[in-house]
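Below: one structure, written as structure tokens.
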Amino acid sequence: MAVQAYVLIRCQGAKAVDVVNELRKKEHVERANTVFGDYDVIARISVRELPSSFSVQRLEEVVFKEIQRVSGVTSTSTHIVTTPDPDFDD
């Protein structure tokens, strides 16, 4: 089973489409879309859980290394899914 989260992303200026295109290339990003509202992009990420060894630190590493380092990203807010969608479960 994978641990899933939504990451709400704010971007610089008109960089949202560039950010989405870059995020879609990342290993743990299942979806990324531009949106209207307080944030510019919403990404759904999935981190494969190792038996009895998952920690928030692993999710944090994915967000820091795969999302926050994308050019144009200015801030993120991560929300861990607590009721997984069976259509997205492995």
Side-chain angles (χ1 to χ4, degrees):
M1 183 175 161
V3 174
Q4 301 163 340
Y6 287 96
V7 183
L8 309 177
I9 303 165
R10 288 192 174 109
C11 303
Q12 296 173 333
K15 298 269 188 179
V17 172
D18 295 336
V19 168
V20 165
N21 290 335
E22 190 62 30
L23 288 176
R24 288 178 176 169
K25 299 174 188 175
K26 303 295 183 182
E27 174 185 358
H28 295 97
V29 176
E30 293 180 338
R31 291 181 170 182
N33 299 94
T34 57
V35 295
F36 291 123
D38 291 336
Y39 292 87
D40 303 303
V41 172
I42 295 179
R44 182 182 176 103
I45 62 173
S46 180
V47 178
R48 187 159 307 281
E49 184 175 12
L50 301 175
S52 302
S53 66
F54 176 77
S55 71
V56 173
Q57 182 179 1
R58 178 69 183 116
L59 181 62
E60 180 181 56
E61 290 171 6
V62 169
V63 172
F64 287 160
K65 292 179 181 176
E66 292 188 25
I67 296 177
Q68 290 184 347
R69 291 185 181 174
V70 170
S71 177
V73 171
T74 59
S75 67
T76 62
S77 178
T78 303
H79 303 267
I80 298 171
V81 173
T82 58
T83 55
D85 182 340
D87 293 336
F88 286 98
D89 262 354
D90 296 334

If you group Ile, Leu, Val, Met, Phe, Trp and Tyr by side-chain heavy-atom gaps below 4.5 Å, do I80 and I45 land in one group?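 Same hydrophobic cluster.
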May I ask whether V35 and Y6 are part of the same hydrophobic cluster, defined by side-chain heavy atoms of I, L, V, M, F, W, Y residues being less than 4.5 angstrom apart, directly or through others?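 As far as the 4.5 Å side-chain criterion goes, Y6 and V35 are connected within one cluster.
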R44 side chain vs Q4 backbone, donor-acceptor pair below 3.5 Å: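 Absent.
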Is the side chain of D40 donor-acceptor paired with the backbone N or O of C11 at a distance under 3.5 Å, no angle test?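 Yes: the side chain of D40 pairs with the backbone of C11.
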For Y39, run the side chain to side chain contact (heavy atoms under 4.5 Å, CB included) check against T34, L8, I9 and tell me which one passes.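 The option that passes is L8.
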Indicate every side-chain donor-acceptor pair of residues 69-77 with a distance under 3.5 Å to a residue at least two apart or in another chain.
from, atom 1, to, atom 2, distance (Å)
T74, OG1, R10, O, 3.0
T76, OG1, Q68, NE2, 2.7
S77, OG, H79, NE2, 2.9

Nearest heavy-atom pair of N21 and K25: which atoms, and what distance?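 So the two residues come closest at O-CG, 3.6 Å.
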Identify the heavy atoms of A43 and L23 that sit nearest to each other, and give their distance.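 Smallest heavy-atom distance, with atoms named: CB-CD1, 4.3 Å.
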Just jot down the side chain to side chain contact (heavy atoms under 4.5 Å, CB included) partners of E66, sequence neighbours excluded, or say none.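 Residues passing side chain to side chain contact (heavy atoms under 4.5 Å, CB included) with E66: K26, E27, H28, V62.
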Counting C-beta onward and ignoring hydrogens, is there a side-chain heavy-atom pair between I42 and N33 closer than 4.5 Å?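 Answer no - side chains too far apart.
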